2 protein chains.
Amino acid sequence: MARARIVDPDEGPRSKRAAILEAAVEYFGEAGYENTKWSDVADRVGIGQTALYHYFESKAHCLLTIMRLELQRSHDMFAEATADLDDPVEALRAGVRAAFAVSEHEIRQMRVLQANMSLLATPRKSKREETERVAARQLVQMVERDWTNLLMRGMAKGAFPVRDAHMLGLAVLGMIVSVWRWYRPSGAIPLSEISDLIEGSVVRMVGE
Amino acid sequence: MARARIVDPDEGPRSKRAAILEAAVEYFGEAGYENTKWSDVADRVGIGQTALYHYFESKAHCLLTIMRLELQRSHDMFAEATADLDDPVEALRAGVRAAFAVSEHEIRQMRVLQANMSLLATPRKSKREETERVAARQLVQMVERDWTNLLMRGMAKGAFPVRDAHMLGLAVLGMIVSVWRWYRPSGAIPLSEISDLIEGSVVRMVGE
DNA sequence: GCTCAAACTGAACTGAACTCAGGTTGAAAT
DNA sequence: ATTTCAACCTGAGTTCAGTTCAGTTTGAGC
């Protein structure tokens, strides 16, 4: 399994793919996907609108790519943070902390992902879009399994009371990602405080 | 305060407003707002596309109306469920249970609301849309305050340990509404089980 | 300095949301 | 029973962002 991992295209020396993705994350994250014109992204990068189609099949294809990349990052960060922690409670805490140890650009990317999550539900007409969508969906399930497995491990070890690990995992994950709907770096509350509160809440709701 | 409550227009005897809202909830909820053509809604109701504009200024205006109505409902249900419960823990449990005591139509409406929440962030160009948006935003804050106040009351009474009630309230609310992103009535898990698990989780994370 | 794929472009096309300029209908007042 | 008029509706356009087309330019590597 996990054979379907998309290999991102090798970028030529004058490729603007990375610049497009960055500009798109910024616009989609700040103004919203619907509110940003595809041509705005082109302008920001300094190319004509049609040049975008050299890199992405469509505006949606670009969005789906951003979402997949963010999901890949989330999954990788979780795995790295929890890898060599045997104590389930410590692993749980590390997982939460990793989820909030993010740069401003990554925050925007999270926001884009969360705001457009429902896009992953329905099939796409074009091949490349559908490929990205399916890959993203699989990554969503992987991230869900990351949390579920952690909880199941803890329950098996007797560190957590036995409950429906899948549903509980979804609830934990839901609580964590809900932060990206309202959090803004410019706001009054520092992210570290949010992280601490969520970390404590997760430990309490999973434990006893 | 709360003076800005929108009074929904009196409907004439042959008004199709209710029918449009119902069809729109169904389409937006099942296929997604972006994926449903405004004319699909017209077809379902049995009128020409342009007749829609007699009732709503735009597709977005209809969506915003649906969202506002759902927020109003959520707020009212919470208030009703928790009104005469003095014990903070009991009130908390009642609030969670009320959030999940919903019909299939209301589930779809929740899904529409959650999937398009980010629409409330940026101002709208047209007056009527903006009015709906602002009203919806206020209702969001009211719902947030519902939970926050409940937590603060519990903390003041010594029923819950003192923590940042606003952040905790947002976390609780985030966990609850996250269910509408994945739950489908056709799925294997009955809603009552989800409700029970969330209820327990909320009590544990808020209490100690 | 040649080559050719990568990178780009202006002009045209598409389709869904929306506007316009009226036409129809039926509840209620006369 | 007729009239009235606001509510309700329509077909024919318009608009605009996303996309396609039919090529042209660029520059890294031979």
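So you know, we letter chains A, B, ... as the sequences are listed, proteins then strands, and number each from 1. Below, each value reflects all heavy atoms present in this structure, side chains not excepted, and no hydrogens, waters or symmetry copies. Source: prediction; values computed, not measured.
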Between W180(B) and F100(B), what is the ring plane arrangement, given parallel below 30°, perpendicular above 60°, and tilted in between? tilted
Starting at atom NE2 of H61(A), determine the distance to atom P of dT19(D), rounded to an integer number of angstrom. 12 Å
Side chains of Q49(A) and D43(A): does their closest heavy-atom pair fall under 4.5 Å? no
Heavy atoms under 4.0 Å, any strand shown: does Y53(A) hit a base, just sugar-phosphate, or nothing? base
Closest approach to the side chain of S15(A), judged atom by atom: which nucleotide of dT9(C), dA7(C), dG18(D) is it? dA7(C)
Tell me whether the side-chain N/O atoms of K16(B) come closer than 4.0 Å to OP1 or OP2 in dA7(D). no
Where do R145(A) and M152(A) land on the side-chain contact (heavy atoms from CB on, under 4.5 Å) test, with the steps shown first? CA-CA 10 Å; R145(A) 229 167 319 177; M152(A) 274 172 38; over 6 Å; no
Under the 6.0 Å and 45° cation-pi test, does K59(A) pair with Y33(A)? yes
To the nearest angstrom, the CD1-C1' distance between I47(B) and dT10(D) comes to 11 Å
Measure up the Y53(B) and W38(B) rings against each other and bin them: parallel (under 30°), tilted (30 to 60°), perpendicular (over 60°). perpendicular
CD1 of I20(A) versus P of dA6(C): gap in Å, rounded? 15 Å
Both R14(B) and T50(B) contact DNA chain D. Taking the nearest nucleotide for each, which residue is further toward the 5' end? R14(B)
Do the side-chain N or O atoms of H54(A) get closer than 4.0 angstrom to the phosphate oxygens (OP1, OP2) of dC8(C)? no
Length of the CG-P vector between D43(A) and dA17(D), whole Å: 12 Å
Result for 5'-nearest mapping on DNA chain C, choosing between E57(B) and G46(A), is G46(A)
Of K59(B) and P13(B), the one whose closest nucleotide on DNA chain C sits nearer the 5' end is K59(B)
note: L52(B), atom CG; dA16(C), atom P; distance rounded to Å ~ 15 Å
When the distance from CG of D40(A) to C1' of dG18(D) is rounded to whole Å, what number comes out? 13 Å
Looking for any heavy atom pair under 4.0 Å, which part of the strands does T36(B) touch: base, sugar-phosphate only, or nothing? sugar-phosphate
What is the separation between atom OH on Y55(A) and atom P on dA6(C), rounded to the nearest whole Å? 11 Å
Which whole-number value in Å describes the distance from Q49(A) CD to dC16(D) P? 14 Å
